[in-house]
Each structure stands twice: as structure tokens, then as C-alpha cells.
Amino acid sequence: MNYIAPSILNADFAHLHRSIEMFNASEADWIHLDIMDGVFVPNISFGMPVVAAVSRITTKPLDAHLMIVQPEKFIAEFKQLGVNILTVQYEACTHLHRTLQQIQQAGMKAGVAINPHTPVSVLEEIAAVADLVLVMSVNPGFGGQKFIANSADKVARAKDLLLRKKSAALIEVDGGVNRHNARLLRDAGADILVVGNAILAANNPTEEIAVIKNL
Ligand code: DX5
Ligand code: ZN
């Protein structure tokens, strides 16, 4: 799969509709929503009212990435707001298997994200359940950070594990992705590339989406 999911984290929130309308008219496949609680990560981003606003005006599936503790508390609410793919952090879930099943039972695709320090091997027993594996290529918390160099190798290791486990889970990569590393990540097995700053800081964001998608 060859998807691109623009992140709104570094958008101008006073004019958020402009970014969403630009994504609607672009080759973007999903819209990536980064929810941060100031506890799991050292930053607070946005919450339900913003998700609801994006949901009202977007024509693209919503891909929500929860960087929060106790994400299981909010599964029903995200479903109600129109989220299609809900990803939780491995490090924030004591009962990850149950949480992924609850997300699926609510009618969404269930993703599990792993931080840069978390080895791919923790996915061994969950690979068969997850619909998506998100490999973090920066430490979560902020947009516009530098891509961690060994992340493409990590994607390749995740791909191997999923094949070995006969899992159909998709691989998403998030953090510091741009036109210079996108090809490498796709070759390593990435299905969905999350791109924030590289799109929003580009002179022509619509064109940047097309360039990265079609590399
Ligand atoms: C980081 C977020 C990412 C980030 C991507 O905590 O999960 O989705 O916003 O933005 P860039 O592409 O700017 O790293
Ligand atoms: Zn994210």
C-alpha cells in the first residue's frame, strides 16, 4: 500500500479549515490526528472539539494517534466523532490485547504504536490482532523533529515479524518523514507515511503531498 496521511499538528489552528480543505482537494489518503495529554508525552495538543470540527469538514478517513495514558477510556467517544483508525501507544497500555479488541468491537481499525526505544519484538503476541503497526521515527510529543536514522531498518524488522506471524497489519511510519526518506521507508515495507512539517512548511503543500505519495 502507498498511502500518505498528513498530520495537522503544526497547522494554523486559527484557520484549520484551510488545511483541511487543502487536504480534501489533495492526494492525501487519511488525515492524521495527534492527541497528546501532557502526561504520556511532554506536550498537550488538542482534544475532542478539534476532532469533531475536522470530522465535520473532511472527506478523508480520520487516523487518530493517541499519545495519552488510559486510551481505553475514550474509545467510544472517538468512534462517535467519526474516527476510522484508532492507534494507541504500546507503552501506555497495560491490557493492550483487550484495548485493541475494544477498538475493533467499536467498529474502528485498531493500531499499536511503538516508541523509538521499544523493540519490534514486543509485537510478537499482538501482531495477529492489530490492524496497523505504527513505528515512531521521532520521540512523540512534537511536530517538526529530526527523523531517527535507524527507523527504516526498524520498519524492515516490523515487516519481517508481520510476515512471519502471517499478520495482515499495515505499517505506518510517523515523525520527520519527508521527500528525502519516504522512498527508503516504502522500500522497507511502510504502507502509510504520516507527514506533518514537510507538508505544511512546503511552498506548495498540495504538490508536496503528491510528490511524497508518488515517490
Ligand atoms: C509526533 C507526532 C507526529 C508528528 C508528525 O509526536 O505523532 O504525527 O506530528 O509531524 P512531522 O512530520 O513534522 O514530524
Ligand atoms: Zn502521530
Side-chain angles (χ1 to χ4, degrees), residues 3-13 16 19-20 22-23 26 28-47 50-51 54 60-69 71 74 78 83-93 103 108-118 130-152 154-155 158 170-186 190-203 205 208-209 211-213 215:
Y3 273 17
I4 181 164
S7 162
I8 66 165
L9 188 58
N10 279 2
D12 174 358
F13 282 84
L16 186 56
S19 298
I20 303 302
M22 183 268 286
F23 294 152
S26 77
D29 295 285
W30 297 347
I31 293 187
H32 187 80
L33 302 171
D34 288 304
I35 317 288
M36 304 180 184
D37 65 356
V39 178
F40 181 73
V41 287
N43 191 17
I44 298 175
S45 57
F46 54 81
V50 172
V51 177
V54 173
K60 309 276 181 176
L62 292 180
D63 173 37
H65 174 198
L66 305 187
M67 286 157 277
I68 65 174
V69 298
F74 302 103
F78 281 113
V83 167
N84 305 88
I85 305 103
L86 192 65
T87 295
V88 296
Q89 287 279 154
Y90 165 84
E91 301 83 2
C93 294
I103 293 170
M108 295 175 284
K109 297 287 183 202
V112 53
I114 53 172
N115 274 340
H117 73 275
T118 302
D131 297 304
L132 180 146
V133 165
L134 196 174
V135 175
M136 286 305 300
S137 42
V138 298
N139 285 295
F142 304 92
Q145 299 184 83
K146 192 171 178 288
F147 180 78
I148 296 174
N150 71 359
S151 303
K154 193 170 181 184
V155 169
L170 300 173
I171 299 180
E172 185 170 33
V173 185
D174 185 5
V177 178
N178 56 39
R179 58 162 75 194
H180 306 294
N181 54 26
R183 182 74 256 166
L184 191 67
L185 292 166
R186 294 230 184 265
D191 296 293
I192 306 116
L193 300 177
V194 175
V195 190
N197 198 55
I199 291 171
L200 292 172
N203 287 333
E208 199 64 23
I209 291 172
V211 166
I212 296 173
K213 182 172 166 68
L215 271 173

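Computed from a predicted structure; not experimentally measured. Atoms within each ligand, like the ligands themselves, are counted from 1 in listed order.
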Distance from [atom] to nearest protein heavy atom, with residue and atom:
atom                    : answer
atom 1 (C) of ligand 1  : F142 O, 3.5 Å
atom 2 (C) of ligand 1  : D34 OD1, 3.4 Å
atom 6 (O) of ligand 1  : G141 N, 2.8 Å
atom 5 (C) of ligand 1  : D174 OD1, 3.4 Å
atom 12 (O) of ligand 1 : G196 N, 2.8 Å

Output the list of atoms in ligand 1 that are nearer than 4.0 Å to some heavy atom of [X], sorted by atom number.
X    : result
N197 : 11 (P), 12 (O), 13 (O)
M136 : 7 (O)
G175 : 14 (O)
M36  : 6 (O)
M67  : 6 (O), 7 (O)
G144 : 11 (P), 13 (O), 14 (O)
H32  : 8 (O)

Do [X] and [Y] come close enough that some side-chain heavy atom pair is under 4.5 Å?
X   : Y    : result
N84 : D63  : no
I35 : V51  : yes
I85 : D131 : no
F40 : N115 : yes
H65 : E172 : no
I20 : I8   : yes

For [X] and [Y], indicate whether the former's side chain and the latter's backbone hold a donor-acceptor pair under 3.5 Å.
X    : Y    : result
N139 : Q145 : no
S137 : F147 : no
D29  : I4   : yes
K60  : A28  : yes
S19  : A11  : no

Consider every N or O of [X] and every N or O of ligand 1, then say whether any pair is closer than 3.5 Å.
X    : result
H65  : yes
P140 : no
L9   : no

**Request:** State whether the number of non-hydrogen atoms from other residues, nucleotides or ligands found under 6.0 Å of K109 atom NZ is greater than 12.
**Result:**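 No, because the 6.0 Å sphere around NZ of K109 holds 12 heavy atoms or fewer from other groups.
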
**Asked** Which heavy atom in D191 sits nearest to a heavy atom in R186, and how many Å separate them?
**Response**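 Minimum heavy-atom contact is O-NH1, 3.4 Å.
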
**Request:** Enumerate the protein N/O/S atoms at a distance below 2.8 Å from the Zn ion (ligand 2), ignoring waters.
**Result:**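 Only H32 NE2, D34 OD1, H65 ND1, D174 OD2 fall inside 2.8 Å of the Zn ion (ligand 2).
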
**Asked** Judged by non-hydrogen atoms, does G176 sit under 4.0 Å from ligand 1?
**Response**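 It does; at least one heavy atom falls under 4.0 Å.
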
**Asked** At the 4.0 Å heavy-atom cut-off, does V194 count as touching ligand 1?
**Response**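 Distance cut 4.0 Å: V194 passes for ligand 1.
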
**Prompt:** Should the ring pair F13 and F46 be called parallel, tilted or perpendicular, given that the plane angle runs from 0 to 90° and is split at 30 and 60?
**Reply:**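 Rings of F13 and F46: tilted, 30 to 60°.
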
